[in-house]
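Only one structure is covered here, and it is reproduced in the block below.
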Amino acid sequence: MLSMDDVLSIIDAIRDGIIAIDRDEKITILNRSAEKLLKLDRKAAMGKKVSETVPNTRLHIILKSGKSELNQFQQIDDVTIVTNRMPVFDRSGRVTGAVAIFKDMTEVKNLAEQVTNLKEIQSMLEAIINSTQDAISVVDIQGRGILINTAYTKLIGLTKEDVIGKPATVDIAEGESVHYRVLQTGKPLKGIPMKAGPNKKEVVVDAAPIIVGGRLRGSVAVVHDVSEIKRLTEELELVRRRIRHLEAKYTFDDIIGQSRAIREAVEAAKNAAATSATVLLRGESGTGKELFAHAIHNESERCHKQFIRVNCSALTDSLLGSELFGYADGAFTGARRGGRKGLFEEADGGTIFLDEIGEISLNHQAMLLRVLNEKEIIRVGESKPIPVDVRIIAATNTDLEKAVEEGKFRRDLYFRLSVIPIYIPALRERKEDIPLLITHLIKKYNQEYGRAVEAISAGALEILTAYDWPGNIRELENVIGRAMINMRFGEVLIEKKHIPRLYVETPELRFRPHHQTGVFKPLKELLAEAEREALKNAMERASGNRTEAAKLLGISVRNLFYKLEKYNLW
């Protein structure tokens, strides 16, 4: 049986760094490789707490959580290591310690410099690069692929057969090959953005030359997936704040229509854009209020500054104040250290678009009135006013006059917001614009769906013109998009048979088909359409009040929010 000294000698002979701690977080094992990599004095480190000895360590966290962390990167001064951290259990299943096994990733480069045969490099590197979660690709001096790892296949969507022996450009969807640039210059590249693979995955690439015996023999690239991080960040922001910071991308040229009603609205909006006065956009849901807000900002002198959109109804009352006006350090539990700027400060010099303004509480109405009157804000938890220069564009689909009479909306704020009121007509009030809108949508969806639709038939247009469009332009977009999806490839004219069912409300039957297509739809699709219409009707009947709409439908407010998001009815 091996003695403890024998075991420690074996551990010292292992090239990978090994460090272990006991249940008191004190270091019990530190082999020679770990001593060298961590630049520690083993005698001085033994028996001390790991968190006080090893920079960036997480062993004490593993001890508490009892969960392993595998293939993790850690920076130790100028050295990058890959480490596996694991808890140690006794026979009864209790955590008695933790151990980390790690290696220096610069060995990859050392191997490439020491070995002259690229085939031998491939066999020696495969085990190492497959342990990392970053995608790695290697090309020879001719720029032909010679090595990829498993993470590369998962990220890029290409197999070894697609890459090995092929030019370095085989995996590039948009951008320039970093491998070719490295081979041309002999210099490393870092942080090069591009889109890779058949799905145009957003990535950032680091690449370096492979030098063997003083000669350039190839290039190695590490591909980092940023699209997944971006997606998760965007989803987290959506859930946490329901706020979008936007560059105003629409202009008055994007507003389609020649009817008198829409021309009057556009003319009023252009006049408003020439001033810094507050604008109140009125109109039903789906009429294009946000489109007008974008256009007004882009036509104004503030067009080169920030444009920020805030959906007031999507934020809780407690969150809205801190988001709009910011907060001081320690203003509330969970507040960011040092405080944070509010959206009004971020929009300073630009425009803030307050959508669904009728949903904010009386308390926040008073704070908003201060911005309009005094041109200043006060952060939550502070008393010092901060001057701001912000142009406010507000929008609502509710009856503000009724809300004022009922005491739900401040009269003084109503008058301050209504400096330039602009009514955006419903689609049923400008049906002569429907052909123009359909032509525009056909062009739009031809690009999105890869179709070659040319026009709509007179019969199909008659059906759409006769419909009252309770969902306005948003509903028209939905109908035209679905009609084009229903078309077979090669069909160039939207016919009656392609138009999905339109619904109207009747006393006898809440929803009945406005016209029949002759195509029998699955029950699941019919139920989804009926549910969507029920949500729209409830929201209209409740004048946009989500709490009241939830009561009408007999569901919770949380469930209502989920369904509104599901059917894009925000």
Side-chain angles (χ1 to χ4, degrees), residues 1-115 120-136 149-151 206 208 220 222 224:
M1 180 178 294
L2 293 174
S3 67
M4 180 57 67
D5 288 339
D6 292 332
V7 172
L8 293 175
S9 296
I10 293 172
I11 292 174
D12 259 343
I14 296 174
R15 291 188 63 188
D16 289 347
I18 300 176
I19 182 171
I21 62 173
D22 59 19
R23 68 178 63 193
D24 295 321
E25 302 181 10
K26 295 180 179 179
I27 298 174
T28 57
I29 295 176
L30 183 73
N31 72 349
R32 288 195 182 96
S33 295
E35 183 181 27
K36 181 179 178 181
L37 281 173
L38 300 177
K39 299 177 182 178
L40 295 175
D41 184 331
R42 179 158 50 173
K43 291 182 180 180
M46 295 295 289
K48 291 188 177 180
K49 283 201 170 186
V50 68
S51 59
E52 300 172 355
T53 308
V54 179
N56 303 326
T57 184
R58 287 179 57 84
L59 271 183
H60 57 299
I61 297 175
I62 302 300
L63 187 67
K64 294 178 181 178
S65 69
K67 296 181 180 179
S68 299
E69 293 182 352
L70 305 178
N71 298 323
Q72 302 294 307
F73 288 99
Q74 185 175 345
Q75 193 70 30
I76 306 294
D77 293 329
D78 58 344
V79 177
T80 300
I81 64 173
V82 61
T83 179
N84 293 317
R85 310 180 187 101
M86 298 152 288
V88 177
F89 301 90
D90 62 15
R91 293 182 178 179
S92 62
R94 293 180 301 175
V95 177
T96 59
V99 62
I101 303 174
F102 49 94
K103 64 178 64 180
D104 184 356
M105 287 302 292
T106 57
E107 288 181 4
V108 175
K109 182 179 178 181
N110 293 334
L111 286 172
E113 294 173 343
Q114 295 170 6
V115 182
E120 187 176 354
I121 294 177
Q122 178 176 337
S123 62
M124 296 182 70
L125 289 180
E126 279 182 346
I128 298 176
I129 69 171
N130 278 320
S131 67
T132 177
Q133 298 303 307
D134 285 324
I136 295 177
N149 66 348
T150 304
D206 299 333
V220 58
V222 180
H224 307 277

Interatomic spacing from [atom1] in [X] to [atom2] in [Y] - rounded to 0.5 Å:
X: His60; Y: Ser65; atom1: NE2; atom2: OG; value: 10.5 Å
X: Ile21; Y: Leu59; atom1: CD1; atom2: CG; value: 5.0 Å
X: Phe102; Y: Arg85; atom1: CZ; atom2: CZ; value: 10.0 Å
X: Asn56; Y: Leu38; atom1: CG; atom2: CG; value: 10.5 Å
X: Ile11; Y: Asp16; atom1: CD1; atom2: CG; value: 12.5 Å
X: Ile14; Y: Ser9; atom1: CD1; atom2: OG; value: 11.0 Å

Before giving the answer on side chain to side chain contact (heavy atoms under 4.5 Å, CB included), spell out for Lys48 and Leu40 the whole-Å C-alpha distance, their side-chain angles and the decisive distance to 0.1 Å.
-> CA-CA 12 Å; Lys48 291 188 177 180; Leu40 295 175; over 6 Å; no
Keeping the roles fixed (side chain from [X], backbone from [Y]), state whether a donor-acceptor pair exists under 3.5 Å.
X: Ser68; Y: Asn84; answer: no
X: Asp12; Y: Arg32; answer: yes
X: Arg42; Y: Leu30; answer: yes

Report the C-alpha distance between Val82 and Lys103 in whole Å, list the side-chain angles of each, state the deciding distance to 0.1 Å, and finish with yes or no for side chain to side chain contact (heavy atoms under 4.5 Å, CB included).
-> CA-CA 6 Å; Val82 61; Lys103 64 178 64 180; 3.5 Å; yes
Assess whether side chain to side chain contact (heavy atoms under 4.5 Å, CB included) is satisfied between Lys64 and Glu25, documenting all intermediate values.
-> CA-CA 10 Å; Lys64 294 178 181 178; Glu25 302 181 10; 3.8 Å; yes
Does the pair Met86 and Leu70 meet the rule for a side chain to side chain contact (heavy atoms under 4.5 Å, CB included), with working shown?
-> CA-CA 8 Å; Met86 298 152 288; Leu70 305 178; 4.3 Å; yes
Between Asp90 and Arg94, is there a side-chain N and carboxylate O pair less than 4.0 Å apart?
->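 Judged by the 4.0 Å cut-off on N to carboxylate O distance, Asp90 and Arg94 do form a salt bridge.
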Any side-chain heavy-atom pair of Ile101 and Thr83 under 4.5 Å |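 No; the side chains remain at least 4.5 Å from each other.
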side-chain contact (heavy atoms from CB on, under 4.5 Å) with Ile19: which of Val54, Leu37, Asn31, Ile29?
->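 It is Val54, the one option of Val54, Leu37, Asn31, Ile29 that forms the side-chain contact (heavy atoms from CB on, under 4.5 Å) with Ile19.
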side-chain contact (heavy atoms from CB on, under 4.5 Å) test vs Ile27 passes for just one of Thr57, Val50, Asp22, namely Val50
Non-hydrogen atoms of Ala45 and Thr53 that approach each other most closely =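 Minimum heavy-atom contact is CB-CG2, 4.0 Å.
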Asn149 to Ala135 - nearest heavy-atom pair and separation | OD1-CA, 3.7 Å
